[in-house]
Every structure is written in C-alpha cells, then in structure tokens.
**Q** 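This is the structure I want to talk about, given as structure tokens.
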Amino acid sequence: MSAQLKLYNTASRAVENFKPITPGKIGIYLCGATVQAPPHIGHIRSGVNFDILRRWLIATGNDVTFIRNVTDIDDKILHKAVHEEIEWWAVAQKYERAFTEAYRALNVLPPTYEPRATGHITQMITLMQILIDNGSAYAPGNGDVYLEVRRLKSYLTLSNQKLDDLQSADDADLTNKKDPRDFALWKSAKPGEPSWPTPWGDGRPGWHLECSAMAHAYLGETFDIHGGGLDLIFPHHENEIAQSESAGWGFAKIWMHNAWVTTSGEKMSKSLGNSLQVQEILKKVRGIELRWYLGGAHYRSMLEFSFESLEESAINFRRIEGFLKRAEGVLGSNPDAVISGAFADAMNDDLAVPTGLALISESLRLGNIALAANDKEGILQSAAEIRGALSILGCDPFDPIFAADSSTNTDILDGLISLALEQRAAARARKDFAAADAIRDQIAVLGVVLEDTPQGTRWSIS
RNA sequence: GGUCGGAUGGCCGAGAGGCGAGGCUCAGGACUGCAAAUCCUGCUACACGGGUUCAAAUCCCGUUCCGACCUCCA
C-alpha cells in the first residue's frame, strides 16, 4: 500500500508500478464494441471497470485522454444487415446507440474521443503502406492484405504462446496466404459488400487494423494503457501489437484485461438470448445498482452472475444510499466528497475495489452510529468518505446523471403525504394505534414506506 | 496438443506465510405502542493427497473437477 499506483500488466503477468510516459498526462485505449447486437452485461462490465480506472486517474490529478473505439464494420454486421434486411450502416448505428444508452444508464463517462473504424480508412491505408514497404505485410493481388507473422521477431508475447503450437483453422486459405497463421489486415470486397478503394484493391478493414490505426491517430506511437476483455488477448491484441510494432511504433506500455461475467461458470455468450442484455436487467434494478454490482468485483475476477446476487448487491447499495439521504437531512446539505487514505491505498493496489467496499461498509456502520447519537461531525465524516468512494466507483446517488430518477412532483407528493402523516401523528398521540397503523398500511399499498424516528416520521418510495 | 485462469462458510465475494475482509441470508438481543431503520452478538470456511516451515487458505509436488483462448468475442 502506498501512494504509488500499481497495476497488473498482462504483458509481464505481474503487478507493476505505474508511471505515465508524460507525468500528469495519461493516454488510454480501450477496445469498445463491435456494434452488431445490443450490449449484454459482460460488455458493460468492461466499460464500468475501465471507467473506474479512469475516474481514479482523474481524481489523482491526471489529465486522461480516453479513447474507446466503435467497430462499425465487420462480418457480423454485414450478416445482420442481410438478416434484418436493412443497410449495414443502419445496423451499426442502431447498436451503437444501444451501447451509448447503456453506458449512459450506468454512468460510464463518455470517452474523450470515440472513433469509428469506418472514419479511419485513410489511417489504415497509411499503416498498411508502411507495413508493405518494410516487408512485414504482403498483398497477394486478390485485394487482401496480410501480415506475415513468420517474419516478426517477437509475436505472441502477450499470450505467451508459440507460433507452432497454435492450431490453425482447418479452412485456412493457402491460395493467398503464405502461412495459415498470417492474418488479414484488409479483406477484399465480395460482390454486394461495402468497400473502400486502396492501392491493393477495393475492400474493407480486417478486425485488428482499426485499433492500431486509431490508437496511433489519437494517442501517438506510444501510449500508457491499452485495455479490453480477457478474450481479446489473442488474437486481437497480439495482432495489434504485431502490426503496430512492425510499423515501428512503441504502442502500449501496460495491457489491462477485465475478466468475464459468467453464468453457471461459463462465459456469457451472445447466444444466451435477451435476458442478460443491459436493457432487460435495467427493468429489474436501477442503473446505479447494476453498476454497483458489476463494478464491485475485482476487475480481474470472474463475476458469476445471478439475479439473486444482483438483488443482494442492490439491497446493500440501498442501505448506503439510505444513510446518505438521512445524513443529508440532518446536515442540511451534502458534504463534499473526501477520499480517505485507506480508500486511496486500496485503489492504488491494482484497483482493489472489494477492499474499498469493505471500507465503505465500515464508514456506513460508524455513520449510522453517529446518526443515532446525532453526532454531526461523525455523520459528516462518514458521509464525506462514502461519497468520496462512491464518486470513484461512479455510484454517487447525488450525481446528476442519476438524479433524473426523482420526479419534479416531489414537492407536491411531499405535501400530500404530509397530510396523511399529520393524521397518523394525531392518532398516535391519542394512542389510537389501530387508526395509525391503518394509515400506514393504506399508503404502504401505494408504495410509500414510513419510518418513525426520534426526529419524526420519514417517508420514502419503495 | 499448446497457453491461461479458477475451486474459500447457507449464498455472494476479498485475501496470498502468523492478527476471523466485507456483504446478503438466518438465529438471538437492544431500541420501538407495533413496524421499519439502525446497532450489538452468534453461524470459525479455504477441492483432495503429500511436502516445506516454529507457523500454510496462502509456498512446493501430485491429483480431481470447472472454465477460457488457439486468427473477426468484452
């Protein structure tokens, strides 16, 4: 534990001290969505995990340039377009919006820049030209362009594999490839497919080329952190490294990978149907609660999803939220967020969010004790520290992005409920508990919960 | 076949040689007209077999089971 941020680097398989290339300025590239289906909670976990990293870097005084791409052209998008009988760009736009909406609902900060693959064809062509000129890549003449992996001095260092150990695809096309493991930088267009002109023929980008080209365009030849899901290590990130390093670029210093959300011990796949789409889950819990759940596990640990544990997590969050609201009531305003030393230590230790959660629980306990004793200083301290921690986790209930939940009718509602509360208070005063309980039961049916406290009766919507 | 990860109490989920993380559930208690909320107490776990060590959930060896990747998955 120290003020020094340590992060796990997949490339070294060790936790390392993190030193920005330029002190105070940090460049991050996160592999974003291939917009061919609505986001499920696994996709959004990645967004949340890296959003926590970003918020922590900002909170500790860094200027963070955060790039998260949108892959808006690929095989699956084209297939979907045929299936749905709409244009490929309509597919891409539709699902890009779905992702944007999911990110917003979970309070994932918009990236500094969010480049689309199709907007960077020029940069890709430039990169391919460099690779062909220096002999790393070849164009067999059919419109494809391949990277020649046998010629790379170091390849597969991120996944620690040997080229000869890889099982190559059975259907590898050796009429154009020199080696079955060579991968496509550029794919020639089949009839009816979208294409862009290049010196080697009309076609479209391979899967990996975009990220190398766009990371270079926005972050330069060498940048601090490259992130993505665990399943991108091979082939996607290996191939990004291969392309970028072959072009003479230093590329990413630290590679970070988030683990999956699993169901029944298995990685969530797109064939599971709709139930685990973000949109569906948000019918059961609020965005802030889903974020609390997804962000609560350590980013490198698998998160075994169940509706039971989601609900349990949401209950835990509501306790914290309840305390903050009560504290606000007593203090008259929200205390400014404060980052405690212990919380900072936890975050600096490779983003040990679970440790941070334990600290929040401790603050919560102390805060509730202070509340019972009307110890305003104690309330203030606990509330400030909890808000500080929640602000890093992106789960501050007072964040305006979540405040839209409460309606503008609150004042009217408050007035109406106060009428009922006055009646009940009068009944209680004359010890007519049957009448008092009847009032409580009646408004409970409407979804309004009452709590009697020494300071009077509070109400909330359940 | 190669590479990588996992198995922790009723459940979820941290930790990585020595002081029981934390949460949820459950049981009991305090407070309360009753509730609710809150607080207190209790439930002593690390897949299996060996080994190292004064000390192992943690390190080593072996075993079982589960999962992931191996060229268009977050």
Side-chain angles (χ1 to χ4, degrees), chain A residues 10 13 30-34 36-37 39-47 49-50 71 73-77 147 149 156 159-169 172 180-184 187 205-208 227-236 238-239 257-262 264-270 293 296-298 300-304 306 308-317 319 322-323 326 346 352-362 364-365 367-369 371-373 428 431-434 436-437 440-441 444 449-454 457-458 460 462:
Chain A
T10 306
R13 299 187 185 279
L30 174 64
C31 284
T34 299
Q36 48 94 12
H40 61 59
I41 53 176
H43 294 122
I44 214 74
R45 180 192 186 186
S46 181
N49 284 156
F50 284 95
T71 297
I73 181 78
D74 100 311
D75 285 359
K76 286 180 181 165
I77 292 171
L147 198 78
V149 295
L156 305 178
S159 57
N160 193 29
Q161 299 177 96
K162 293 186 180 69
L163 192 56
D164 292 324
D165 289 340
L166 294 183
Q167 290 181 347
S168 51
R181 298 167 192 86
D182 289 349
F183 61 88
K187 306 172 79 153
W207 178 33
H208 321 294
L230 213 48
D231 42 1
L232 296 182
I233 293 175
F234 183 86
H236 186 56
E238 291 286 13
N239 291 352
H257 294 94
N258 65 278
W260 296 294
V261 178
T262 57
S264 307
E266 291 182 5
K267 176 187 171 188
M268 194 169 286
S269 82
K270 284 168 183 150
Y293 175 69
H298 187 90
R300 286 193 283 122
S301 295
M302 283 190 300
L303 177 61
E304 173 65 22
S306 71
E308 290 73 23
S309 56
L310 172 64
E311 182 56 30
E312 172 185 304
S313 169
I315 287 168
N316 177 231
F317 182 75
R319 285 188 69 217
F323 165 72
R326 273 172 275 146
V353 172
T355 303
L357 262 38
L359 292 167
I360 291 173
S361 291
E362 178 64 7
L364 176 64
R365 193 177 64 82
N368 276 320
I369 289 171
L371 212 44
R428 291 179 74 204
K431 305 235 187 278
D432 181 358
F433 297 119
D437 290 351
R440 184 168 66 193
D441 293 346
V449 178
L450 301 188
E451 291 170 30
D452 296 323
T453 77
T457 300
R458 289 193 299 112
S460 57
S462 63

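To find a chain, count down the sequence lines: A is the first, B the second, and so on, and within it residues start at 1.
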**Q** Going by side-chain contact (heavy atoms from CB on, under 4.5 Å), name the residues that satisfy it together with E362(A), two or more places apart in sequence or in a different chain.
**A** R365(A), L366(A)

**Q** Who passes side chain to side chain donor-acceptor pair (under 3.5 Å) against N368(A), sequence neighbours left out?
**A** R326(A)

**Q** Rounded to whole Å, please give me the gap between OH in Y293(A) and P in rG13(B).
**A** 7 Å

**Q** Collect all protein-nucleotide pairs involving nucleotides 43-45 of chain B in which both atoms are nitrogen or oxygen and the distance is under 3.5 Å.
**A**
none

**Q** Check side chain to side chain donor-acceptor pair (under 3.5 Å) between R319(A) and all other residues, then give those that pass, not counting sequence neighbours.
**A** none

**Q** Scan nucleotides 3-6 of chain B against the protein and return all N/O pairs shorter than 3.5 Å with their distances rounded to 0.1 Å.
**A**
| from | atom 1 | to | atom 2 | distance (Å) |
| --- | --- | --- | --- | --- |
| rU3(B) | O3' | N160(A) | ND2 | 3.4 |
| rU3(B) | O2' | S159(A) | O | 2.7 |
| rC4(B) | OP1 | N160(A) | ND2 | 2.9 |

**Q** Side chain of D437(A): nearest nucleotide among rC39(B), rC70(B), rC34(B)?
**A** rC34(B)

**Q** Can you sort out the partners of P235(A) under side-chain contact (heavy atoms from CB on, under 4.5 Å), two or more places apart, ordered by chain and number?
**A** W207(A), H208(A), N239(A)

**Q** Who passes side-chain contact (heavy atoms from CB on, under 4.5 Å) against S306(A), sequence neighbours left out?
**A** E308(A), S309(A)

**Q** Could I get the full list of side-chain contact (heavy atoms from CB on, under 4.5 Å) partners for S313(A), not counting sequence neighbours?
**A** W292(A), Y293(A)

**Q** Can you list everything that forms a side chain to side chain donor-acceptor pair (under 3.5 Å) with S159(A)? Sequence neighbours excluded, please.
**A** Q161(A), E238(A)

**Q** Can you run through RNA chain B from 5' to 3' and write each base as (, ), [, ], | or . depending on how it pairs? Watson-Crick or G-U wobble, both distances under 3.5 Å.
**A** (((((((..(((.....[...))).(((((.......)))))....(((((..]....))))))))))))....

**Q** How does each nucleotide of nucleotides 15-30 of chain B score, in 5' to 3' order, for protein heavy atoms under 4.0 Å: base (B), sugar-phosphate only (S), or none (-)?
**A** ------BSBB------

**Q** Indicate, with a heavy-atom threshold strictly under 4.0 Å, whether R428(A) touches base, sugar-phosphate, or nothing.
**A** base

**Q** Just to verify, what does D165(A) make a side chain to side chain donor-acceptor pair (under 3.5 Å) with, not counting sequence neighbours?
**A** none

